[in-house]
Protein chains: 2
Amino acid sequence: MPIDAFDRKILATLQDDARMPVAQVAERTALSATPVSRRIRKLEEDGVILGYQPVLDPRRLGLELSAYVLINLEAHRDGNIERFESAILDNDYVIACHAVTGDMDYLVHVVARDVEHLSQITLKSLLRIPGVRDVKSIIVLETVKPPRRLPLG
Amino acid sequence: MPIDAFDRKILATLQDDARMPVAQVAERTALSATPVSRRIRKLEEDGVILGYQPVLDPRRLGLELSAYVLINLEAHRDGNIERFESAILDNDYVIACHAVTGDMDYLVHVVARDVEHLSQITLKSLLRIPGVRDVKSIIVLETVKPPRRLPLG
DNA sequence: TATGAAATAATATAGTT
DNA sequence: AACTATATTATTTCATA
């Protein structure tokens, strides 16, 4: 299951538009529709393509604010970590979370309707998870490069 | 162009699988295929749906490392900002970039093949952009919650 | 103004070479 | 892998609420 140049071209094209008709993907790949269709299915089966997602405009959905919250846990004892991660998974406004290096333990991506809502999420939800020692919020002012595509070169 | 409960249900369903057949989306929405098809097109035209993206496994593409790099610029003079943002847009391994609040100016999301590659990107590319004063790297150790869906209330 | 059912058009997939 | 045939899916039309 190695990924060759055709696969990379297909993936690059799907990153432009994941719903582009197979025939059009085929054109750009210098291949016909059949092998492109089969390759896409194989990439899905092999777990290279994990799924398909619409790119939504958060503002049009009433989510005006985006923030990255760095979180520190107290000495990792008992079920500290499990409890924290479970609370994170349960919170719909936490749209991503990573365990990270550095003086903070987690980097959490939060979306919110407005400043008050963001404050409520950090103070009432995140800071109150048992075991959480400290939170530092980094608020997004402007998006210079929207998170879209992975390099395939 | 207000978004009603049907639209929200459609968007939530597409967030599960953006290539789900319209008929199936219709089932889950308690609507028939025709209005679902039209609503999706309208959501696209109105800019609520900005596009469609495959979710790729970075590891299967040889990108083992992910890092968030906080960047500080020197006193914003001349074309400092423009030059920086242009360099960011040009770098394929920078997959996202935001201007942010706090003591750092930008939060940059970087992917890399390995530690050496990441070091090369931060030291040879990012730190050498004219006007960049300081960079702090936060390396992702583990993904607790993958960045997938927006809350639709 | 928006829906649902049927008809048509577009697209994807399977079979064959 | 490509070409052709079949199956699946999307969209348009049209009648209706």
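Residue numbers start from 1 in every chain, and the chains themselves are labelled A, B, ... in the order their sequence lines are given, proteins ahead of strands.
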Notebook entry, point to check: Which pairs count as ring pair (Phe, Tyr, Trp, His ring centres under 6.0 Å) when at least one residue sits in residues 111-145 of chain B, sequence neighbours excluded?
Noted result: B:Y93-B:H117

Check: Got a sec? Which of residues 3-10 of chain A come in under 4.0 Å of DNA chain C, heavy atoms?
Finding: none

Note to self: Once ring pair (Phe, Tyr, Trp, His ring centres under 6.0 Å) is applied, what residue pairs with a partner in residues 119-153 of chain B remain, sequence neighbours excluded?
What the structure shows: none

Please list each protein N or O that sits under 3.5 Å from an N or O in nucleotides 9-12 of chain C, with the distance.
from, atom 1, to, atom 2, distance (Å)
C:dA12, OP1, A:V22, N, 3.1
C:dA12, OP2, A:V22, N, 2.7

Note to self: How many whole angstroms separate atom OH of A:Y52 from atom C1' of D:dT9?
What the structure shows: 16 Å

Item checked: Contact list for residues 121-153 of chain B, test ring pair (Phe, Tyr, Trp, His ring centres under 6.0 Å), sequence neighbours left out -> none

Next item on the list: Applying salt bridge (charged side-chain N to carboxylate O under 4.0 Å, His left out), name anything that partners B:D4, two or more places apart in sequence or on another chain.
Entry: B:R39

Review item, nucleotides 5-7 of chain C N/O atoms under 3.5 Å of protein N/O:
from, atom 1, to, atom 2, distance (Å)
C:dA5, N6, B:T34, OG1, 2.7

Next item on the list: Taking side chain to side chain contact (heavy atoms under 4.5 Å, CB included) as the test, write out the residues that go with A:P21, two or more places apart.
Entry: A:Q24

Check: Whole Å only: how far is the CD1 atom of B:I40 from the P atom of D:dT12?
Finding: 13 Å

Table please: side-chain donor-acceptor pairs of residues 80-87 of chain B below 3.5 Å, with sequence neighbours left out.
from, atom 1, to, atom 2, distance (Å)
B:N80, OD1, B:R83, NH2, 3.3
B:N80, ND2, B:E74, O, 3.4
B:N80, ND2, B:A75, O, 3.1
B:E85, OE2, B:Y106, OH, 2.9

Donor-acceptor pairs under 3.5 angstrom involving side-chain atoms of residues 59-69 of chain A: please list them, not counting sequence neighbours.
from, atom 1, to, atom 2, distance (Å)
A:R60, NH1, B:D46, O, 2.5
A:S66, OG, A:H109, NE2, 2.8

Notebook entry, point to check: Which residue pairs pass the side chain to side chain donor-acceptor pair (under 3.5 Å) test when at least one of the two sits in residues 134-146 of chain A, sequence neighbours left out?
Noted result: A:T143-B:H98

Notebook entry, point to check: Only one of B:L127, B:D105, B:L126 forms a side-chain contact (heavy atoms from CB on, under 4.5 Å) with B:V132, so which one is it?
Noted result: B:L127

Check: With B:Q120, which residues qualify under side chain to side chain donor-acceptor pair (under 3.5 Å), at least two apart?
Finding: none

Item checked: Nucleotide nearest A:R39 when distance is taken to its side chain, options D:dA1, C:dT13, D:dT11 -> D:dA1

